[in-house]
2 protein chains.
Amino acid sequence: MDTRVLKQFVTLAECLHFGRASETSHVSPSALSRSIRRLETETGATLFERNNRSVELTRAGHLFLTYARDALGQWDSIQNLLMEESGELRGEISMYCSVTASYSFLFEILTRFRHDHPHVEIKLHTGDPEDAVARVLAGDEDISIGARPGRLHAGLAFKLIEFSPLVFIAAEGQPGPDARNWAETPMILSERGLARRRVDEWFRSLDVQPRIYAQVAGNEAIVSMVSLGFGVGVVPRIVLENSPLSDSVCILDVKPKLKDYEVGLFTLEKKLASPLISAFWQQLK
Amino acid sequence: MDTRVLKQFVTLAECLHFGRASETSHVSPSALSRSIRRLETETGATLFERNNRSVELTRAGHLFLTYARDALGQWDSIQNLLMEESGELRGEISMYCSVTASYSFLFEILTRFRHDHPHVEIKLHTGDPEDAVARVLAGDEDISIGARPGRLHAGLAFKLIEFSPLVFIAAEGQPGPDARNWAETPMILSERGLARRRVDEWFRSLDVQPRIYAQVAGNEAIVSMVSLGFGVGVVPRIVLENSPLSDSVCILDVKPKLKDYEVGLFTLEKKLASPLISAFWQQLK
DNA sequence: TGCATATATATCATTTTACGCAATATTTCC
DNA sequence: GGAAATATTGCGTAAAATGATATATATGCA
């Protein structure tokens with residue numbers, strides 16, 4: 001069965017933009033354009049009212065969207081049903097995590113999972129772990145790995161893997177923490193996200209205006225810059241433990257300590273109904 | 001959307017025979033075999049338990065069959081819904097009738113219908129009109145043309161087009177009916193069907209054992225043989241009216257007359273729910 | 001047991017279909 | 001009025017599906 005066209009249609013109906021929709025669907029814009037056109041000739045209805053500047057669902061398009069969502073849901077259901085029937089899981093899970101995560105615990109998790117369910121394919125995407133929650137919420141990924149934020153978004157499920165202290169690091173051979181003048185220390189920080197918020201708060205509590213040398217995305221980049229002596233950075237300790245540069249930096253004994261990262265898995269609660277996601281989820285712990 | 005594979009699956013599930021199923025689906029056996037296999041790898045379940053001698057639905061196959069029927073039904077529904085929405089009919093109707101029917105009233109009917117609904121394709125199959133009812137009942141065709149049988153099968157809808165007398169014909173220049181000795185007249189009759197039953201009954205009422213020269217399928221063949229002087233035949237008059245051989249034969253004034261044929265359209269009552277079939281049906285009258 | 005038949009599947013050449021890239025046309029914004 | 005954005009089309013290529021034929025295997029019958 002060919003569900004791709006239906007998925008493409010739904011994607012386009014949701015973002016109303018051929019370029020973005022084609023990207024999400026992993027096809028070229030021209031291919032998407034032709035798929036939609038084929039669908040339209042096949043149904044005999046115009047599904048999108050579009051000119052070169054805007055895309056809108058027609059009345060018929062709305063009707064078809066309801067159908068498409070339904071049909072895709074039922075296809076999923078029968079897949080799951082047959083899966084249960086055979087007792088063997090099949091399908092695909094998309095994951096998102098940082099490079100560090102993929103090197104450390106993910107490797108072990110995936111090895112075990114692959115052994116138990118050899119027919120489930122894992123599509124792994126790596127990137128800034130600060131996007132972990134957003135990507136799952138947006139539906140871009142089934143599961144992601146990241147740090148638990150203070151408040152969990154409604155409908156979001158979280159499973160703790162381990163605690164990892166958020167530590168200050170400096171290049172090997174820097175002056176000790178007591179001698180440090182924070183207002184003049186060049187800092188290498190995340191552009192955004194949980195780590196950045198915690199550090200900002202930390203400086204506020206000390207009533208110090210930090211001197212920010214660089215704002216970067218991704219913890220690995222922070223370690224690199226710190227090891228080169230550009231300044232002091234803040235990363236989860238687990239990043240250090242998996243970094244080839246860990247010998248070039250040292251952890252500073254800073255007071256007060258930053259709150260530990262709670263590293264774990266995110267997924268949408270509703271996705272736990274899927275046997276695949278559920279199996280992955282259950283296996284942990 | 002690709003519904004062909006699902007249709008093929010349902011067909012196979014119903015007849016449990018690759019050869020016949022492939023014929024019904026208008027593909028080669030090898031293509032069907034591969035389609036099913038693809039479906040099986042895709043779902044990860046064995047849908048048919050088969051060796052070179054028998055085909056059976058597995059448990060998973062039954063589940064999938066339910067799904068497939070449902071999915072096809074919903075696809076039909078959305079097609080119909082969009083059709084109503086646009087007010088323009090699209091799709092395909094399969095028809096079955098005799099060559100004579102296609103030459104006579106069908107031409108006019110189709111011309112009109114095609115004008116009103118240019119996007120509806122008519123797949124016309126011709127053959128022995130005695131099969132008209134059976135083919136519709138078997139689901140091979142949406143609509144067929146033939147003579148109304150004495151009792152209408154349950155669920156079968158019939159719409160009268162016109163009455164046509166069932167007449168005895170002989171080659172031009174044969175002796176008149178009064179002089180005829182029925183027991184010795186070579187008869188050219190249908191192998192089976194309504195005409196044959198009526199003729200058999202007619203002979204029985206005369207208490208005569210007919211001398212059957214040939215039994216053929218198709219009224220056109222009867223006219224041919226009669227015109228060549230092989231004997232006396234019985235056909236609906238409409239066949240004569242559309243036959244290039246009509247000048248070579250003459251109608252015998254036989255008593256008692258056979259009951260008129262009620263020529264008309266057949267379809268399944270449930271198919272009248274489809275906008276396409278319904279439109280075709282409504283247009284007549 | 002062995003041969004003929006039926007029938008699902010594998011092989012291979014061919015046709016059909018889908019795709020991506022680049023070019024095009026059209027709309028909107030400045 | 002020009003520039004940027006963006007859906008679409010043409011065209012060459014790659015992939016997929018198909019049909020004809022061959023093959024393997026199971027069944028029935030002598």
Side-chain angles (χ1 to χ4, degrees), chain A residues 1-62 64-65 68 72 75 92 121 123, chain B residues 1-62 64-65 68 72 75 92 121 123:
Chain A
M1 266 301 296
D2 175 31
T3 58
R4 277 191 327 161
V5 188
L6 283 188
K7 281 192 197 138
Q8 291 175 4
F9 170 81
V10 173
T11 305
L12 180 59
E14 277 168 355
C15 73
L16 296 174
H17 189 289
F18 276 81
R20 281 190 283 278
S22 70
E23 210 165 325
T24 312
S25 308
H26 306 294
V27 291
S28 71
S30 65
L32 177 63
S33 177
R34 274 180 288 227
S35 287
I36 298 296
R37 187 141 301 237
R38 232 191 332 273
L39 210 53
E40 288 182 319
T41 38
E42 207 170 11
T43 58
T46 306
L47 301 174
F48 293 98
E49 203 63 70
R50 52 197 184 276
N51 50 45
N52 300 18
R53 205 66 180 177
S54 77
V55 179
E56 270 184 88
L57 267 181
T58 61
R59 194 180 162 73
H62 275 106
F64 194 78
L65 178 57
L72 288 173
W75 173 251
E92 180 182 312
E121 287 185 34
K123 295 271 165 83
Chain B
M1 267 300 297
D2 176 30
T3 58
R4 278 191 326 162
V5 189
L6 283 187
K7 279 191 197 138
Q8 291 175 3
F9 169 82
V10 173
T11 306
L12 179 60
E14 277 167 355
C15 73
L16 295 175
H17 189 289
F18 276 81
R20 280 190 283 280
S22 70
E23 209 165 326
T24 313
S25 308
H26 307 294
V27 291
S28 70
S30 63
L32 178 63
S33 178
R34 274 176 300 217
S35 287
I36 298 297
R37 186 141 299 240
R38 226 186 344 263
L39 210 52
E40 288 181 320
T41 38
E42 207 170 12
T43 59
T46 307
L47 301 173
F48 293 99
E49 204 64 70
R50 51 197 185 277
N51 50 44
N52 300 16
R53 205 65 180 180
S54 74
V55 179
E56 270 184 89
L57 267 182
T58 62
R59 193 179 163 71
H62 275 106
F64 194 78
L65 179 57
L72 288 175
W75 173 251
E92 180 182 313
E121 287 185 33
K123 294 270 166 82

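Worth knowing before you read on, the calculation uses all heavy atoms, side chains too, and leaves out hydrogens, waters and symmetry mates.
Residues forming a side chain to side chain donor-acceptor pair (under 3.5 Å) with B:Arg34 (at least two apart in sequence, or on another chain): B:Ser30. Applying the salt bridge (Lys or Arg N to Asp or Glu O under 4.0 Å) test to A:Arg20 and every residue at least two apart in sequence or in another chain returns nothing. By the side-chain contact (heavy atoms from CB on, under 4.5 Å) test, A:Thr11 pairs with A:Ala21, A:Thr24, A:Ser25, sequence neighbours left out.
At whole-Å resolution of the value, CD in A:Gln8 and P in C:dA18 are 11 Å apart. The CG-P distance, from B:Leu47 to C:dA8, rounds to 16 Å in whole Å. Rounded to whole Å, the distance from CG on A:Leu32 to C1' on D:dT9 is 15 Å. Look at CZ on A:Phe48: it is 15 Å from C1' on D:dT6, rounded to the nearest Å. Rounded to an integer number of Å, the gap from A:Asp2 CG to D:dA17 C1' is 13 Å. Distance B:Glu49 CD to C:dA8 C1': 14 Å, rounded to the nearest Å.
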Item to complete: Test B:Ser35 against B:Gln8 for side chain to side chain donor-acceptor pair (under 3.5 Å), laying out the working first.
Response: CA-CA 8 Å; B:Ser35 287; B:Gln8 291 175 3; 3.1 Å; yes
Discussion item. As a quick check of understanding, evaluate side chain to side chain contact (heavy atoms under 4.5 Å, CB included) for B:His17 and B:Val55, giving each step before the final call.
Written reply: CA-CA 6 Å; B:His17 189 289; B:Val55 179; 5.9 Å; no
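Distance alone, capped at 3.5 Å, is enough to place a donor-acceptor pair between the A:Thr58 side chain and the A:Thr46 backbone. Using a distance-only test at 3.5 Å, with no hydrogens or angles considered, no donor-acceptor pair links the side chain of A:Ser54 to the main chain of A:Arg50. At distances below 3.5 Å, at least one donor-acceptor pair connects side-chain atoms of B:Glu40 with backbone N or O atoms of B:Leu47. B:Ser33 places no side-chain N or O within donor-acceptor distance of the main-chain N or O of B:Pro29, the cut-off being under 3.5 Å.
Within residues 33-46 of chain B, the residues approached by DNA chain D to less than 4.0 Å at the level of any non-hydrogen atom are B:Arg34, B:Arg38, in residue-number order. The stretch residues 14-23 of chain A touches DNA chain D through A:His17, A:Phe18, A:Gly19, each having a heavy atom within less than 4.0 Å of the strand.
Nearest to the side chain of A:Ala31, among C:dA8, C:dG20, D:dA20, sits C:dG20.
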Worksheet item: Base, backbone or nothing for each nucleotide of nucleotides 25-30 of chain C, written B, S, -, heavy atoms under 4.0 angstrom, 5' to 3'?
Response: BBSS--
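Ring to ring, A:Phe48 and A:Phe9 are close: their centroids are under 6.0 angstrom apart.
More than 12 heavy atoms of other residues, nucleotides or ligands lie within 6.0 Å of CD in B:Glu92, so this atom counts as buried by the packing criterion.
Between the side chain of A:Ser30 and the base of C:dC21, a donor-acceptor pair under 3.5 Å is found.
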